[in-house]
2 protein chains.
Amino acid sequence: MRISELSRRSGVPIATIKYYIREKLLPAGNPTAHNQADYDERHLRRLRLIRALVSVRGLSVSAASDILAALSENEENTHLALGLVLGAMQAEERKKPPQEGEEVAAGPMAEAERLIDATGWQLHPLSTGRTQLARSLQSMAQVGLHLDWQTLLPYARLAEQTAVLDLDQLSAGGDDRLSLAERAVQVTVLLEPVLMILRRMAQESESFSRYGSPPGEEPPAGARPAAGEEPAAAPGETPGAA
Amino acid sequence: MRISELSRRSGVPIATIKYYIREKLLPAGNPTAHNQADYDERHLRRLRLIRALVSVRGLSVSAASDILAALSENEENTHLALGLVLGAMQAEERKKPPQEGEEVAAGPMAEAERLIDATGWQLHPLSTGRTQLARSLQSMAQVGLHLDWQTLLPYARLAEQTAVLDLDQLSAGGDDRLSLAERAVQVTVLLEPVLMILRRMAQESESFSRYGSPPGEEPPAGARPAAGEEPAAAPGETPGAA
DNA sequence: CCATGATAGACAGTGGAACTCTCCACACGC
DNA sequence: GCGTGTGGAGAGTTCCACTGTCTATCATGG
């Protein structure tokens, strides 16, 4: 297909497609002439994946590029692709503090190590997970929320169970004609917002069952705080669209 | 204290502090003269919280502003503050597709509804969680990952348990002199990156224990059975066609 | 009293990211 | 032939999060 069809089918403007190609997020079409190239379904899928990474997950274009590159390297080896994708994501996180001044303090690092020990997780020695975790803990400590490994352990156990589900998902999805590597990206990266939404809803519900009134609902007597949510918020659709 | 001290103690440049004040993220100092105002510990804590929201969690300044505003309205009522914060976060997510063209299709919406039914969660009728969930599911479906409510239910259960831990954290933290509302922000918003890091590490470990070689490592001998047999896969149902 | 220096407040400017536009010479279909 | 579509490349645009500059104070030390 030609670029205009790719654009029409993906909903992405031609100019943007060209931009993605320039930035190496999308491989160029197969050139058939000096000013003609054609694109196939793979381009379309890749393009949709890019949009999902960027708009659903909110990754930067360069981070998406890293992930996609990792994915291209290993279309057929899911396991390896998963590793590369995880590595690429970690790289993304690392882009925020590019200046090396921000050393991770010993305290948070030790806490992270102890947590990982306690879980018994097998991490690749080069994995940056420890450092990332330590960095996050440090940031939280700076705002006054000191989390120790005992507190985090139950969270880690739940993360563990989530990961089991994730890997099951990966294995189960063989029927699609998507490459497993692509599924790895979807399951590890794109599922994150979904999980966070689920957590927020669960928090709302849990808060309700503990304190009685749904959060955001008006308190028993007066003093409606005004900062709340607009009733007409969810624009357009009616939830009853079953 | 004066602005220079606030800057020194927080590590945030004066110009940036002024910017935050202009943008209403930070309340202005208490003016003592036309060109003098003084700031207290509350300003310092708020400033650190802003930095955490923006750099740790990656929120936009305006989103952080919404959350902080919600928080200010209700310094003392944790429960209410939690609701407001959740609402503010949802508002943030909503900023991505400002154009109203993007209707949520009936399919994803129905799936979201069914999932929420299945969990038995008590959601505020105005909560945008459903819509957000549906929107995410729709995005994932567009890239070929069709998740039905049966598949999501175990994830939801884990989210539920996570939420229980979260609320425990909130209740337990009374010893700090931080307002409960601030803790609510920290626990709901700032913990997200930590949980995602835990999940990624757990995935790495789980992948290791299933496939033997740490992800990112190269497989022992060539041709690792890419898609062939999956050992512990428990494909109860295939989420493929819907 | 006055020089010095730190403010507060307003507003313009900067740099990076993610597009979006404009050209151009060519190719394709009629 | 000729008008539209195309690939490629670079310039331009928009938005955001700052950052710098300016002016009118005000605080203080000499």
Side-chain angles (χ1 to χ4, degrees), chain A residues 1-40 43 47-68 91-99, chain B residues 1-40 43 47 49-68 92 95-99:
Chain A
M1 79 185 80
R2 300 195 285 197
I3 202 171
S4 55
E5 187 178 348
L6 186 60
S7 167
R8 193 166 30 73
R9 288 227 269 158
S10 64
V12 178
I14 292 181
T16 305
I17 295 176
K18 288 181 174 184
Y19 165 69
Y20 286 156
I21 292 174
R22 264 198 314 259
E23 299 295 315
K24 306 289 168 61
L25 272 91
L26 192 65
N30 197 19
T32 61
H34 262 305
N35 62 341
Q36 217 82 23
D38 82 9
Y39 303 86
D40 56 25
H43 287 93
L47 194 46
R48 289 207 249 249
L49 187 53
I50 292 168
R51 294 308 306 179
L53 251 26
V54 169
S55 71
V56 178
R57 179 40 230 273
L59 288 183
S60 69
V61 166
S62 75
S65 171
D66 290 349
I67 290 182
L68 267 346
E92 153 75 347
E93 313 288 325
R94 228 179 298 116
K95 276 171 189 164
K96 288 174 192 169
Q99 80 283 30
Chain B
M1 78 185 81
R2 299 195 287 200
I3 201 170
S4 54
E5 187 179 349
L6 185 61
S7 166
R8 195 167 27 74
R9 289 227 270 159
S10 63
V12 178
I14 291 181
T16 305
I17 295 176
K18 287 183 175 183
Y19 165 67
Y20 287 155
I21 292 174
R22 265 201 311 275
E23 299 295 315
K24 306 290 168 62
L25 275 89
L26 192 65
N30 196 18
T32 60
H34 263 303
N35 63 341
Q36 218 81 23
D38 82 10
Y39 303 87
D40 55 24
H43 288 92
L47 194 46
L49 187 54
I50 292 167
R51 295 308 303 181
L53 251 26
V54 169
S55 71
V56 178
R57 177 42 228 274
L59 289 183
S60 69
V61 166
S62 73
S65 171
D66 290 348
I67 291 182
L68 267 344
E92 152 74 348
K95 276 172 191 165
K96 287 174 192 170
Q99 80 282 30

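Residue numbers start from 1 in every chain, and the chains themselves are labelled A, B, ... in the order their sequence lines are given, proteins ahead of strands.
For A:Tyr39, the listed nucleotide lying nearest its side chain is D:dG7; candidates were C:dC11, D:dG7, C:dT20. When the nucleotides C:dA10, C:dT20, D:dT6 are ranked by their closest atom to the side chain of A:Pro13, C:dT20 comes out on top. For A:Arg2, the side-chain atoms get nearest to D:dT6 when compared with the rest of C:dC19, C:dA12, D:dT6.
Put simply, B:Ser60 has no side-chain N or O that comes within less than 4.0 Å of OP1 or OP2 on D:dC16. Distances shorter than 4.0 Å separate none of the side-chain N or O atoms of A:Ser62 from OP1 or OP2 on C:dA17. Residue B:Tyr20 has no polar side-chain atom (N or O) positioned under 4.0 Å from OP1 or OP2 of D:dA17. Residue A:Tyr19 places none of its side-chain N or O atoms closer than 4.0 Å to OP1 or OP2 of D:dG10.
Atom CD1 in B:Ile3 sits roughly 16 Å away from atom P in D:dA27 (whole-Å rounding). In this structure, the CD1 atom of B:Ile14 is 14 Å from the P atom of D:dT21, given to the nearest Å. Taking atom CG of residue B:Leu26 and atom P of nucleotide C:dA8, one finds them 12 Å apart after rounding to whole Å. Distance B:Ile21 CD1 to D:dT19 P: 15 Å, rounded to the nearest Å. Rounded to whole angstrom, the span from the CD1 atom of A:Ile17 across to the P atom of D:dG7 amounts to 9 Å. Between the NZ atom of A:Lys18 and the P atom of D:dG5 there is a distance of 13 Å, rounded to whole Å. Computed from coordinates, the B:Glu23 CD to D:dC16 C1' distance equals 10 Å when rounded to whole Å. A:Lys24 places its NZ atom 16 Å from the P atom of C:dA18, with the value rounded to the nearest Å.
Taking every heavy atom of both residues into account, A:Leu25 and A:Ala64 meet most closely at CD2-CB, 4.0 Å.
Within 6.0 Å of CZ on A:Arg48 lie more than 12 heavy atoms contributed by other residues, nucleotides or ligands.
Under the 4.5 Å side-chain criterion, counting only non-hydrogen atoms from C-beta, A:Leu47 is not in contact with A:Arg9. Inter-residue side-chain proximity for B:Thr16 and B:Arg51 is flagged as met; some heavy-atom pair is nearer than 4.5 Å. In this structure, the side chains of A:Ile21 and A:Tyr39 come closer than 4.5 Å at one or more pairs of heavy atoms. Counting only heavy atoms from C-beta outward, the side chains of B:Ile50 and B:Val12 never approach each other to under 4.5 Å. Residues B:Ile17 and B:His43 have side chains not in contact (no heavy-atom distance under 4.5 Å, counting atoms from C-beta outward).
The stretch residues 31-38 of chain B touches DNA chain C through B:His34, B:Asn35, B:Gln36, B:Ala37, each having a heavy atom under 4.0 angstrom from the strand.
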